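This report refers to the structure that appears directly beneath it.
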Amino acid sequence: MARISIDPVTRIEGHLRIDVEVDGGTVNKAWASCTMWRGLETVLKGRDAREGWVFAQRFCGVCTTVHAIASVRAVEDALSLEIPANAQYIRNLILIGHALHDHIVHFYHLSALDWVDIMEIPKADPAKAASTAEGCSSWTGNSRVELQAVQDKVKGIVASGQLGIFSHGYWGHPAMRLSPELNLILFSHYLQALDFQRKSCQVVAILGGKTPHIQNLAVGGVMNAINLDSLATFNMDRLGTLKAILEDLIPFVQQVFLADACLLAAEYPEWLHYGRGVTNYVAVPDLPLDAKATKFDLPGGVIMDGQLSSVRPIVNWKDEAFRKAVTEDSTRAWYQHGGPLQPYKGMTDPDYTGFKEDAKYTWVKAPRYDGHPMQVGPLANVLVGYASGHPLTRKWTDTAFTRIAAVNGLKVTPNDMQSTMGRYLARSIRSAMLADLALAHLQLLTTNILDGDHTTYNLPQFPKGEMMGMGMHEAPRGALSHWVVIDSGAFTNYQAVVPSTWNASPRDEKGVPGPYETSLIGNPVVEAEKPLEVLRTVHSFDPCMACSCHTLDSSGAEIAQVKVL
């Protein structure tokens, strides 16, 4: 038996340690430990509820926008404050732009090199690669000339002996098996994605004032002044700019990103059977279509035991079953209190003890839904939508299945998506859906403005006395909720139950592990010194928790030290 400790896991946001026990080349036990605590819940206590979102978006250096949105929604929920339709549409467009950026970066720049061996690219035939790529999609960036230029660039880097950020990849690993041509195609798109993730950030910056850390939000709406006769405000020129950016971005998402995820699934079909883990899923409704947030473009719901027929819809943000079901358990987390506690009563008083696998070993609490661990993220989002008969989800999910079958005849089902590879597929499917919705919500905003509605803000009023509120958002990494207790306009408690808290959950008071830990059970590990397969499953969740890897034997003695790309 071998004990492998990857600390920190790289190509993620933040600091994550993964420990696994491997017996006979298979993982039989795992621990996920977040090794960083920031304590912003404590920082927010006593602060004016109107400014909470400015601090809350500092929960993360990547997911800034989503925490800002969840924060203002929580306060608005406490006040029962309706916001103008224009504010809903502007927020939606910011969230779509942020999500497209996040998904593109995750697939190409954080995860692709778990599957793509760039050292094989010099062996590729660019003409053959171009023919293969053109058979997968109509993307204009798949020409032989384009692919030849990328190959020449890689050859130059390899010949120089200075690989830079590619120095410590697991090149030549037996689990890497794409042909040189497919490696060339995917790495070419890796480089192109650098430009397209930038375009999605432009959408956020134009509407939010800057990115990261947008500046336009307010409890009650947004601070985007609309005046079609002024060059200094939001006007038709800016609407036109947004439309042009989105029309440039959407083909890459739907013709390249989706096609590449399907190609990867077709080439690594066994990964549709690894990493299943927790099969309870929760997703929350988002992209409201009206001022009162009674209708949504993305459905929410709960699925238990992987049974899509069991889906229970979460119709809106007032869902009482969700509010009553969510708790957080600190039994195995470095806090003074155990659990479970409902978030309104949650506590975050640190109590660091060091890593103790049979006691406390992480800064992450253990969220539970009616006592059950839940998986959140694009996979939950897609499964809930598919099970609910959501037309857009079914359209792009079935498109993905058709694309995979066209490559190798493999018939993929929604059940197969409950896997490591399914999480990658789900992100590409969700991105294709969001690309469709981007122009739809831009049109909603444009039409509302042209109809004469320029309102973007409703003034909040804070009465004396205690009130509670919860703000939901289906973030790129999954269901996010901020829970606030306010007294006379100031926070007396603030708890954020974030997607990576759900997924990186440690064992709870009953000893039940969370999604990361469960998904690794049964995972293959061919080389203990190069635990690529462990990283594939962990990266599939897109951990948001930064570059060496320590490999240990069962007694805890270090047997190798490996830097991970």
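Nothing fancy with the numbering, it's 1 onward along the sequence. Just so you know, these numbers come straight off a predicted model, no measurement behind them.
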Query raised in the report: Could you go step by step and tell me if Asp508 and Lys365 meet the salt bridge (Lys or Arg N to Asp or Glu O under 4.0 Å) rule?
Result: CA-CA 8 Å; Asp508 56 25; Lys365 297 178 183 179; over 6 Å; no
Query raised in the report: What distance separates His390 NE2 from Met433 CE, expressed to the nearest 0.5 Å?
Result: 5.5 Å
Is it true that a side-chain atom of [X] and a backbone atom of [Y] form a donor plus acceptor pair closer than 3.5 Å?
X      : Y      : value
Thr456 : Ala87  : no
Asn493 : Gly346 : yes
Ser419 : Gly422 : yes
Lys243 : Leu442 : no
Ser505 : Thr501 : no
Gln215 : His213 : yes
Ser71  : His67  : no

Give a yes or no on whether the ring-centroid distance for [X] and [Y] is below 6.0 angstrom.
X      : Y      : value
Trp363 : Tyr335 : yes
Phe257 : His103 : no
Tyr516 : Trp502 : no
Tyr424 : Trp115 : yes

Got a salt bridge between [X] and [Y], using NZ or NE/NH1/NH2 to carboxylate O under 4.0 Å?
X      : Y      : result
Arg477 : Asp542 : yes
Asp436 : Lys395 : yes
Asp48  : Arg50  : yes
Arg368 : Asp329 : no
Asp286 : Arg73  : yes
Asp114 : Arg11  : yes
Arg91  : Glu76  : yes

**Report entry** Result of checking Phe107, Phe252, Tyr108 against Phe196 for ring pair (Phe, Tyr, Trp, His ring centres under 6.0 Å)
**Finding:** Phe252
Requested in this report: Tell me yes or no: between the side chains of Thr446 and Tyr89, is some donor less than 3.5 Å from an acceptor?
Outcome: no
Query raised in the report: Is it the case that Ser540 and Arg423 place a side-chain donor and acceptor less than 3.5 Å from each other?
Result: yes
Query raised in the report: Could you walk me through whether Thr279 and Arg276 pass the side-chain contact (heavy atoms from CB on, under 4.5 Å) check?
Result: CA-CA 7 Å; Thr279 56; Arg276 188 176 177 92; 3.6 Å; yes
Query raised in the report: Is the charged tip of Arg394 near the ring of Tyr386: under 6.0 Å from the six-membered ring centre and within 45° of its axis?
Result: yes
Report task. Compute both the distance and the angle, then confirm whether Arg332 meets the cation-pi test with Tyr361: under 6.0 Å from the six-membered ring centre, within 45 degrees of the axis. Result -> no
Report task. Return the set of residues passing side-chain contact (heavy atoms from CB on, under 4.5 Å) with Ala426 (not counting sequence neighbours), or none when no residue passes. Result -> Pro378, Leu379, Val382, Met417
Query - More than 12 heavy atoms of other groups within 6.0 Å of Lys45 NZ - result: yes
Query raised in the report: If you count the non-hydrogen atoms of other residues, nucleotides and ligands that lie under 6.0 Å from NZ in Lys318, is the total more than 12?
Result: yes
Requested in this report: Step by step, work out the salt bridge (Lys or Arg N to Asp or Glu O under 4.0 Å) result for Glu51 and Arg47.
Outcome: CA-CA 7 Å; Glu51 66 180 19; Arg47 292 195 177 274; 3.8 Å; yes
